[in-house]
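Down below is the structure, laid out as structure tokens.
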2 protein chains.
Amino acid sequence: MAVSPHVDLSRRERQIMDVIYARGSATVREVMDRIPDPPSYSAVRAMLRVLEEKGHLKHEQDGPRYMYLPVVPREKARDSAMKQMLRTFFDGSAERAVAALLDMPGSGLSRDELDRLAKLIEQARKEGR
Amino acid sequence: MAVSPHVDLSRRERQIMDVIYARGSATVREVMDRIPDPPSYSAVRAMLRVLEEKGHLKHEQDGPRYMYLPVVPREKARDSAMKQMLRTFFDGSAERAVAALLDMPGSGLSRDELDRLAKLIEQARKEGR
DNA sequence: GCGGTGTTGCTAAAATTTTAGCACTATGCT
DNA sequence: AGCATAGTGCTAAAATTTTAGCAACACCGC
């Protein structure tokens with residue numbers, strides 16, 4: 001069963017997975033409250049069930065209700081989403097992506113953050129030998 | 001009409017928009033050839049028509065065929081996709097996103113690229129005063 | 001001129017996604 | 001105990017997405 005994250009998801013399924021990845025886990029109600037143009041409680045429930053059938057989610061009993069969790073760990077999903085993003089908008093170049101992040105309107109990178117990034121780059125340079 | 005890029009697209013619509021943004025523009029056949037698990041020519045045509053109706057695409061006559069172009073410019077679409085990505089996978093932090101790009105498996109940032117990025121950061125630091 | 005190829009314009013159907021709603025269970029409060 | 005609240009399990013229908021296929025037109029090489 002492929003479970004390739006982020007591709008072959010429908011519109012609402014993607015919105016739901018986004019919420020769950022953003023929070024780490026979520027209940028039906030939490031998902032619903034965070035979806036734009038929110039669908040009904042029932043609709044969300046049904047879609048969570050479908051996502052579970054498809055192997056994207058699992059759930060645990062959390063007191064009286066279900067807590068849904070991603071099957072593919074956040075980091076893996078993140079990486080494959082990033083790759084897709086690089087292909088689509090940055091001609092596959094990680095450099096360009098970083099550059100775009102640096103001057104994204106409202107990304108608001110503070111001096112401290114920039115310092116830390118400078119260090120990371122320095123480090124990558126040393127390692128990449 | 002909103003035309004908010006990337007949200008409220010169906011699965012195939014998104015795949016199509018991705019191809020078009022990746023290439024800048026595309027014909028029916030070009031789109032079809034670049035979609036995984038490719039749909040029929042007819043299907044692609046129909047979806048391009050729908051995307052045009054919805055205001056995501058426009059087309060120009062290119063010799064005998066149509067050339068489809070995005071209505072929202074690449075950079076704008078890119079930024080909003082990036083923001084979504086930051087929210088979902090990086091807790092809204094551009095710094096974390098950059099860090100992830102730096103050690104993404106197979107991102108393959110060369111020494112030269114790292115050098116250029118170091119410069120960009122230096123520059124951002126100076127400007128951000 | 002003629003057939004083959006590649007395109008668009010349609011329409012309608014198949015498939016999937018999305019929604020609503022009823023039945024039932026557990027919990028907490030009075 | 002009785003009732004309201006909040007949850008799940010289902011099923012079935014509505015809505016949207018996705019597909020197939022025919023008709024017409026233009027172009028190209030023969």
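Order of the sequence lines fixes the chain letters, A, B, ..., with proteins taken first and strands second; residue numbering starts at 1 for each chain.
Between R34(A) and D18(A) no salt bridge is recorded (no basic side-chain N to carboxylate O distance below 4.0 Å). Taking the charged nitrogens against the carboxylate oxygens, K58(A) and E52(A) have no contact shorter than 4.0 Å, which rules out a salt bridge. Salt-bridge check for R11(A) with E13(B): failed, with every basic side-chain N at 4.0 Å or more from each acidic carboxylate O. For the pair D91(A) and R74(B), the salt-bridge criterion is met [side-chain N within less than 4.0 Å of a carboxylate O]. Under the 4.0 Å criterion applied to side-chain N and carboxylate O atoms, E122(A) and R125(A) are assigned as salt-bridge partners.
Ring orientation note: the planes of Y21(B) and F89(A) are tilted relative to one another, at an angle of 30° to 60°.
Of the listed nucleotides (dT19(C), dT8(C), dT17(C)), dT8(C) has the atom at the smallest distance from the side chain of Y66(B). Here dT7(C) is the nucleotide among dT7(C), dT19(D), dT18(C) with the atom lying nearest to any side-chain atom of Y41(B). The nucleotide whose nearest atom lies closest to any side-chain atom of A43(B) is, among dG21(C), dT8(C), dT19(D), dT19(D). Relative to the side chain of M47(A), the nucleotides dT18(C), dA20(D), dT17(C) differ in distance, and dT18(C) lies closest. Nearest to the side chain of R65(B), among dT17(C), dG9(C), dT7(C), sits dT7(C). Comparing dA6(D), dC10(D), dA20(C) by their nearest atom to the side chain of S40(A) picks out dA20(C).
Taking atom CD of E13(B) as the reference point, atom P of dT16(D) lies 12 Å away to the nearest angstrom. Summarising the geometry, the separation between CZ on R49(A) and C1' on dA20(C) is reported as 12 Å, rounded to the nearest angstrom. Remark: P of dT17(D) and CD1 of I16(B) are 12 Å apart, rounded to the nearest angstrom. The CG atom of L48(B) sits 14 Å away from the C1' atom of dT19(D) (whole-angstrom rounding). Whole-Å rounding puts the M32(A) CE to dA20(C) C1' distance at 13 Å. In this structure, D62(A) places its CG atom 12 Å from C1' of dG7(D), rounding to the nearest Å. In this structure, the CD atom of E53(A) is 14 Å from the P atom of dT18(C), given to the nearest Å. Atom-to-atom, CG of D37(B) to P of dT16(C) comes out at 12 Å; the value is rounded to the nearest Å.
Applying the 3.5 Å distance criterion, the base of dG6(C) shares no donor-acceptor pair with the side chain of R45(B).
Backbone-only engagement by R29(A) is indicated by non-hydrogen atom pairs under 4.0 Å involving sugar-phosphate atoms exclusively. Within the nucleic acid shown, V28(A) comes within 4.0 Å of sugar-phosphate atoms alone, with no base atom in reach, counting heavy atoms only.
Using a 4.0 Å cut-off, no side-chain N or O of R11(B) falls inside it from OP1 or OP2 of dT16(D). Within the structure, every side-chain polar atom (N or O) of S10(A) is placed at least 4.0 Å from both OP1 and OP2 of dT16(C). For the OP1/OP2 pair of dT16(D) and a distance below 4.0 Å, the side-chain nitrogens and oxygens of K54(B) include no atom meeting the criterion.
Comparing A46(A) and M67(A) by the nucleotide of DNA chain D that holds the closest heavy atom to each, the one mapping nearer the 5' end is M67(A).
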